[in-house]
Amino acid sequence: MPFANLTLTETQSVATLTLNRPSRLNALDLDTVAELIQALNSIRDARTARCVVLTGQGKGFSAGADLTAEVPGAGSILDGSIDCGFVLETHFNPLLETLAGFPLPIVAAVNGVAAGAGCSLALAADFVIAARSAYFLQAFVNIGLVPDAGASWILPRCVGMARALQMTMLGERIPAQQAFDWGMIYSVVDDAQLRPSAETLAINLANGPTMTYGLIRQQLRQSGERSLSQTLALERRNQLLAGRTNDFAEGVAAFREKRPARFLGH
Ligand code: T3D
């Protein structure tokens, strides 16, 4: 399926989505957000990929919402009639919901700046690998906006309230190494190692128990909203499902036969 603002490739059961507006640091205009949703849905429905990599073309991962694009129907910044919530409701929120409910593991390979909603997009992945030269920026406050695209949900959870407030209220750049030291991301690698590292991890995940990964994502991402009793009930339900996969039977057989498991993803 051809896209105007991103590329979608698939190899070794890994679908790679590359934001492709490098002259705008891959800023997210509405067409790009719509294409991301469409591409994710097509990957899910095709059932051939077993892991997704998100990355950016050029020197940035994504500079967040496109500040130069017109948004028909959202009013005007100049006369104070702008409804920024409209853009979230119609585009960014559905994208974040699509990512949260996605049935496959997601790796973000952050090749450069991840700002505003671009930072939110990266942090929606299960594994964030950043190039050493990359940085994370809660740019919203620098233009007078509040964090969005899920940033105010994910940040306190992954870096704690003090650092979340530092990022969102001071609008400071957080270098990749610092993001790693804070526990915000999975790893930081030399720039030249970003693609190979992300690919190795993604292929590893693509050979894992795919359906179980989807259930793990659901359990952990919803854990903050559930009581212990509700969590135990969800674990019970999901273990029933995982326990009936071919991969569970294969995993146990491989353990007994002292050989590596060959998971098929279902
Ligand atoms: O209504 C709604 O949309 C609500 C939703 C909001 C969600 C959000 O994400 S709000 C936050 C939006 N993002 C920002 O505020 C970040 C703006 N960009 C920057 O602050 C800087 O560009 C960076 C710190 C990210 C990078 O700086 P630098 O010096 O490396 O690059 P640059 O020279 O500023 O940018 C390079 C080009 O990309 C430049 O184009 P030009 O002048 O060479 O033609 C620049 O204008 C363009 N660019 C960068 N960010 C954006 C952008 N174009 C459109 N939208 C951007 N967000």
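Nothing here was measured: the structure is a model prediction, and the numbers come from that model. Numbering of ligands and ligand atoms starts at 1, following listing order.
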Asker: Are Arg226 and Glu235 ion-paired here, with the side-chain N under 4.0 Å from a carboxylate O?
Answerer: no
Asker: Just do the salt bridge (charged side-chain N to carboxylate O under 4.0 Å, His left out) check on Glu250 and Arg259 with the steps written out, would you?
Answerer: CA-CA 10 Å; Glu250 163 63 8; Arg259 61 169 175 80; 2.8 Å; yes
Asker: Quick one: look up the protein heavy atom nearest atom 25 (C) of ligand 1 and list residue, atom name and how far away it is.
Answerer: Val113 CG2, 3.9 Å
Asker: Would you indicate whether Gln12, at its atom CD, is surrounded by more than 12 heavy atoms from other residues, nucleotides or ligands within a distance under 6.0 Å?
Answerer: no
Asker: Please state which option from Gly116, Ala63, Ala115 has its nearest heavy atom closest to atom 13 (N) of ligand 1.
Answerer: Ala63
Asker: Looking at atom 32 (P) of ligand 1, what's its closest protein heavy atom, distance included?
Answerer: Leu25 CD1, 4.3 Å
Asker: Give the atom numbers and elements of ligand 1 that come within less than 4.0 Å of a heavy atom of Ala139.
Answerer: 14 (C), 15 (O), 16 (C)
Asker: Is ligand 1 less than 4.0 angstrom away from at least one heavy atom of Ala149?
Answerer: no
Asker: Distance under 4.0 Å to a non-hydrogen atom of Ser23: what atoms of ligand 1 satisfy this?
Answerer: 37 (C), 38 (O), 40 (O)
Asker: Considering the options Thr245, Thr210, Asn246, Thr212, which one meets the side chain to side chain donor-acceptor pair (under 3.5 Å) requirement together with His266?
Answerer: Asn246
Asker: I need the Gln239 CD to Leu215 CG distance, nearest 0.5 Å.
Answerer: 9.0 Å
Asker: Quick test of your reading of the model: are Arg21 and Asp66 salt-bridged, counting only N-O distances below 4.0 Å?
Answerer: yes
Asker: Is Ala27 touching ligand 1 with its side chain, its backbone, both, or neither, if touching means heavy atoms under 4.0 Å apart?
Answerer: side chain
Asker: I need the atoms of ligand 1 closer than 4.0 Å to a non-hydrogen atom of Lys59, numbered in the order shown.
Answerer: 30 (O)
Asker: Ignoring hydrogens, tell whether any protein atom lies closer than 4.0 Å to atom 9 (O) of ligand 1; use the non-hydrogen atoms only.
Answerer: yes
Asker: To the closest 0.5 Å, what do you measure between CZ (Phe140) and CE (Met167)?
Answerer: 9.5 Å
Asker: To the nearest 0.5 Å, what is the distance between CD on Glu10 and OG1 on Thr16?
Answerer: 9.0 Å
Asker: Looking at atom 19 (C) of ligand 1, tell me if a protein heavy atom falls under 4.0 Å from it.
Answerer: no
Asker: Any non-hydrogen protein atom below 4.0 Å of atom 34 (O) of ligand 1?
Answerer: no
Asker: Is there a protein heavy atom less than 4.0 Å away from atom 29 (O) of ligand 1?
Answerer: no
Asker: Considering both backbone and side-chain atoms of Ala65, is one of its nitrogen or oxygen atoms within less than 3.5 Å of a nitrogen or oxygen in ligand 1?
Answerer: yes
Asker: Just need the protein heavy atom nearest to atom 45 (C) of ligand 1, so name the residue and atom and give the distance.
Answerer: Arg24 NH2, 4.0 Å
Asker: May I ask whether atom 50 (N) of ligand 1 is less than 4.0 Å from at least one protein heavy atom?
Answerer: yes
Asker: If I compare all heavy atoms of Gly58 with all of Pro22, which pair ends up nearest, and what's the gap?
Answerer: CA-CB, 4.2 Å
Asker: Short list, please: which atoms of ligand 1 are under 4.0 Å from a heavy atom of Phe140?
Answerer: 7 (C), 8 (C), 9 (O), 10 (S)
Asker: Between Leu67 and ligand 1, which part of the residue brings a heavy atom under 4.0 Å of the ligand: side chain, backbone, both or neither?
Answerer: both
Asker: Are any of the side-chain heavy atoms of Val107 and Thr55 separated by less than 4.5 Å?
Answerer: no
Asker: Keeping Asp190 on the side-chain end and Ala192 on the backbone end, is there a donor-acceptor pair under 3.5 Å?
Answerer: no
Asker: Any protein heavy atom lying closer than 4.0 Å to atom 54 (C) of ligand 1?
Answerer: yes
Asker: Taking only heavy atoms of Gly64 into account, list the atoms of ligand 1 that are under 4.0 Å away from them.
Answerer: 9 (O)
Asker: Heavy-atom distances under 4.0 Å are what count here, so tell me which part of Asp148 touches ligand 1: side chain, backbone, both or neither.
Answerer: side chain
Asker: Taking 4.0 angstrom as the limit and counting only heavy atoms of Arg173, give me the atoms of ligand 1 inside it, by number and element.
Answerer: 24 (C)
Asker: Heavy atom under 4.0 Å from ligand 1: found in Leu137's side chain, backbone, both, or neither?
Answerer: side chain
Asker: Would you mind checking which non-hydrogen protein atom is closest to atom 24 (C) of ligand 1, with the distance to 0.1 Å?
Answerer: Tyr135 OH, 3.4 Å
Asker: Using a heavy-atom cut-off of under 4.0 Å, does the side chain or the backbone of Phe61 touch ligand 1, or both, or neither?
Answerer: neither
Asker: Answer yes or no: are there more than 12 heavy-atom neighbours, outside Glu97 itself, under 6.0 Å from its atom CD?
Answerer: no
Asker: Using a 3.5 Å distance criterion without hydrogens, assess whether the side chain of Glu257 forms a donor-acceptor pair with backbone atoms of Ala254.
Answerer: no
Asker: Return the option from Leu88, Val71, Val87, Ile143 holding the heavy atom at the smallest distance from atom 11 (C) of ligand 1.
Answerer: Ile143
Asker: Do the non-hydrogen side-chain atoms of His91 and Leu95 ever get within less than 4.5 Å of each other?
Answerer: no
Asker: Do other residues, nucleotides or ligands put more than 12 heavy atoms under 6.0 Å from Phe3 CZ?
Answerer: yes
